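Read through the structure below, which is laid out as structure tokens, and then see the notes.
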Number of protein chains: 2
Amino acid sequence: MGGPRFEPVRTVRAYERIVEQVEEAIESGTLCPGQRLPSERDLMGQFSVSRSTVREALRVLQARGLVRSRPGDPHGAEVQPFTPTELRKSMTMLARVDGLSLGELVQFRMVLDSSANLLAARLRTDEQLAEMDTAIAAMRAAVEVGYDEFSTADVAFHDTVAQASGNKLIQICTEVVRSIVLGLIADKIAAAPDRVALMRQSIRHHEEVLAAVRAGDGPLAARLSRRTMYDYYVGYVPTSERPALRALLE
Amino acid sequence: MGGPRFEPVRTVRAYERIVEQVEEAIESGTLCPGQRLPSERDLMGQFSVSRSTVREALRVLQARGLVRSRPGDPHGAEVQPFTPTELRKSMTMLARVDGLSLGELVQFRMVLDSSANLLAARLRTDEQLAEMDTAIAAMRAAVEVGYDEFSTADVAFHDTVAQASGNKLIQICTEVVRSIVLGLIADKIAAAPDRVALMRQSIRHHEEVLAAVRAGDGPLAARLSRRTMYDYYVGYVPTSERPALRALLE
DNA sequence: GCAAATTTGTCCGTATGTATC
DNA sequence: CGATACATACGGACAAATTTG
């Protein structure tokens, strides 16, 4: 027993070394969004590799959303500001391939939204409260106009709450999961025969949630927000998955 | 007014078309994990592009974790089972570049873990309860051995709870965020002078959480789990961020 | 165990469309 | 408008790695 525990060596490709170096530079802040990478020809000189290898590395970096290159651009590839685009792609892929059910997605939205409300009730600013008022007013005005407008206002409300939570992870996951859910059933919601009634009910619920947030009652806001989302989406969730959703309603 | 609203055309690269087609095949289930893609030379024939283009597409697919190719493999690239590897990379990148604070990460862990406990209290099986017992026993046995063993058992407990929640998104996010948090402060925890006391306290708290889960009291288990995580990590969170954490303790 | 065949990894050269000055 | 530099894409070539008979 004893002796050094050797790790199996993995042969690391040349293009991976390039990706690692550029990622490291971006993570450490040496390369900031807006800055430019050297041209492909310069890079093949700096890394002592061929053009193909440089290009494969750039394709990977571009796929991760870190850089963007356009043909003919004399300044080279541009470092992109970080966006959760790739996060969304990964989660969307997960949802489809790994078979995430609508029930699980809605359940996760309930978790995120209720937590955001719990935090927002204590941390929200007056400006954010005003934003939520505006969003609900827009929801009210949109009932007669159409579902798209209503949905936009609804999204704005939840985004403001997520923002008021002060937690970026909650904000990002909220945005990602919502876009997946809406991508799955936006058409069904828009086509629901009782959608006007659903919208009016949703507005009432949002007003109750906002009142709790305004009063600083986090647990109440959290409970109401779960109920709000449950009532709005439960009709689209298979009956077999509804008990798991109700488990969040305590 | 009127006339068709033309969309701006974006020039789409050849390699992107290949990526799209392969992704579509994987999403639709036409290509399953374990199956092989044709060799690069076959692909250049099927897509009518050069090998460089095929390779750039394969690099992107590999970066997304969808396929893996090895040199000399006569069967071609292998379709990979979906793992949250890319999800973790995106989130880790986000944590570093976008400046996610330790406070936000711990806060998000509290949200995830408490929700998992809330659900697990209602949905757990007897086998999962036994697993949690085993994990706590391992934690107890590991106190005198070392932090690594304790951490492993602790992770096993939380993973079982996440699994018992029945929600894959909670499971994956739990795993991802935890690995980021531990990557940030595992060394500090291992070096803490009062780590033995912290471990013993943590075990007591875990026992209380498990008792609540066993009793089916979801809200209690959720509240206790938040307190458990808060007490365990608060010492490493800057004082300025602690109020936001306490906001979850109601 | 060995050698042939196949495949990937990498390099080089070239042609073409495009953006900038 | 032209000149220049760039990214895109193609095709050929060789070495390293792997499987297979």
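So that the names make sense, note that chain A is the first sequence line, chain B the second, and so on, each numbered from 1. It should be emphasised that the depicted structure is a prediction, and the values quoted were computed from it without experimental measurement.
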For atom [atom1] of [X] and atom [atom2] of [N], their distance in whole Å:
X: E78(A); N: dC6(D); atom1: CD; atom2: C1'; answer: 15 Å
X: E40(B); N: dT18(D); atom1: CD; atom2: P; answer: 15 Å
X: D73(B); N: dA16(D); atom1: CG; atom2: P; answer: 20 Å
X: I18(A); N: dT10(C); atom1: CD1; atom2: P; answer: 9 Å
X: R55(A); N: dC11(C); atom1: CZ; atom2: P; answer: 14 Å
X: L43(A); N: dA5(D); atom1: CG; atom2: P; answer: 17 Å

(message) For L58(B) and G72(A), find the nucleotide of DNA chain C closest to each by heavy atoms; which residue's nucleotide sits nearer the 5' end?
(response)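 That would be L58(B).
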
Closest to the [X] side chain: [options]?
X: P74(B); options: dT7(C), dA17(D), dT8(D); value: dT7(C)
X: S52(B); options: dC10(D), dC21(C), dT10(C); value: dC10(D)
X: R70(A); options: dT20(C), dG11(D), dT8(D); value: dT20(C)
X: R59(B); options: dT8(D), dG9(C), dT10(C); value: dG9(C)
X: R41(A); options: dC6(D), dC11(C), dG9(C); value: dC6(D)

Can you find a side chain N or O atom of [X] that sits less than 4.0 Å from OP1 or OP2 on [N]?
X: T53(A); N: dC11(C); answer: yes
X: R51(B); N: dG11(D); answer: no
X: H75(B); N: dT20(D); answer: yes

(message) Tell me whether E78(A) is salt-bridged to R70(A), with the criterion being a basic N under 4.0 Å from an acidic carboxylate O.
(response)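 Looking at R70(A) together with E78(A), the answer is no, because their closest N to O distance does not fall below 4.0 Å.
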
(message) Check this for me, if you would: do E175(B) and R88(B) make a salt bridge, where the nitrogen-to-carboxylate-oxygen distance has to be below 4.0 angstrom?
(response)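 Judged by the 4.0 Å cut-off on N to carboxylate O distance, E175(B) and R88(B) do form a salt bridge.
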
(message) Base, sugar-phosphate or nothing for R13(B)? Non-hydrogen atoms, less than 4.0 Å.
(response)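 Sugar-phosphate, backbone atoms only, no base.
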
(request) Give the ring-plane orientation class for F157(B) versus H206(B), where under 30° counts as parallel, over 60° as perpendicular and anything between as tilted. (result)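 If you compare the ring of F157(B) with that of H206(B), the planes turn out perpendicular.
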
(request) For the residue pair S101(B) and E241(B), confirm or rule out a side-chain donor-acceptor distance under 3.5 Å. (result)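 Short answer, yes.
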
(message) Take a 6.0 Å sphere around CZ of R51(A) and say whether it holds more than 12 heavy atoms from other residues, nucleotides or ligands.
(response)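 More than 12 within 6.0 Å, yes.
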
